[in-house]
Amino acid sequence: MNEQRPEPVDEQDDGLSVRAGQWRLIQIISAVVFVWGSYLAAGAMFKSGDKSLRPVLKGLIILGCFAAFIGFWALLLWVRERRLAREAEEDEEDETDAE
């Protein structure tokens, strides 16, 4: 009796809201991008052979760019979810007013 249960939905299943499994995938992708950025930053710091402060600054700039990208992406996802939730509330209010 292996019944498959439907995947839980954060808000409502309108085709636009992000499902719980999709959030997990987004978190994994963000972590992979951050690890990749850390690897590139470490390479910029340790592979140059320069003993000055310049390689450290290069690494910090690379890591900062990756962190800014991930942060901006997260901000856009957050704004989208808020907008979709607000639109869903407005639609529900319109439906109750129409009845």
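Residues take their numbers from the sequence shown, with the count starting at 1. Because the structure is a prediction, the values reported are computed rather than measured.
Between Pro55 and Ala44, the shortest heavy-atom contact is CB-O, 3.8 Å.
Residue Leu40 is not grouped with residue Phe46 when hydrophobic side chains (ILVMFWY) are merged at heavy-atom distances under 4.5 angstrom, including chains of intermediate members. Both Ile70 and Ile26 sit in one connected hydrophobic cluster of ILVMFWY residues. Membership requires side-chain heavy atoms under 4.5 Å apart, directly or through other members. In terms of hydrophobic clustering, with Ile, Leu, Val, Met, Phe, Trp and Tyr side chains grouped at heavy-atom distances under 4.5 Å, Leu25 and Trp36 are assigned to a common cluster.
For Trp73, the CH2 atom counts as densely surrounded, since its 6.0 Å shell holds more than 12 non-hydrogen atoms of other residues, nucleotides or ligands.
Looking only at side-chain heavy atoms (C-beta outward), Leu76 and Val79 stay at 4.5 Å or farther from each other.
In this structure, CG in Leu84 is found 5.0 Å from CZ in Arg80, a value given to the nearest 0.5 Å. Once rounded to the nearest 0.5 Å, the distance linking CG of Leu60 with NZ of Lys58 reads 12.5 Å. Interatomic distance, CD1 of Ile62 versus OH of Tyr39, reported as 12.5 Å (0.5 Å rounding). One distance of note links OG of Ser30 with CZ of Phe66; it measures 12.5 Å at 0.5 Å rounding. From Phe72, atom CZ reaches atom CG of Leu77 across 10.5 Å, with rounding to the nearest 0.5 Å.
Comment: Glu90 does not engage Arg86 in a salt bridge, judged by the lack of any side-chain N to carboxylate O separation of less than 4.0 angstrom.
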### Message
Working note: Phe69 + Cys65, criterion side chain to side chain contact (heavy atoms under 4.5 Å, CB included); need CA distance, chi angles, decisive distance, verdict.
### Response
CA-CA 6 Å; Phe69 171 75; Cys65 289; over 6 Å; no

### Task
Evaluate side chain to side chain contact (heavy atoms under 4.5 Å, CB included) for Ile29 paired with Val32, printing each intermediate quantity in order.
CA-CA 5 Å; Ile29 291 171; Val32 169; 5.7 Å; no

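Every residue two or more places apart in sequence or in another chain was checked for a side-chain hydrogen bond (donor to acceptor under 3.5 Å, both in side chains) with Arg54, and none qualifies.
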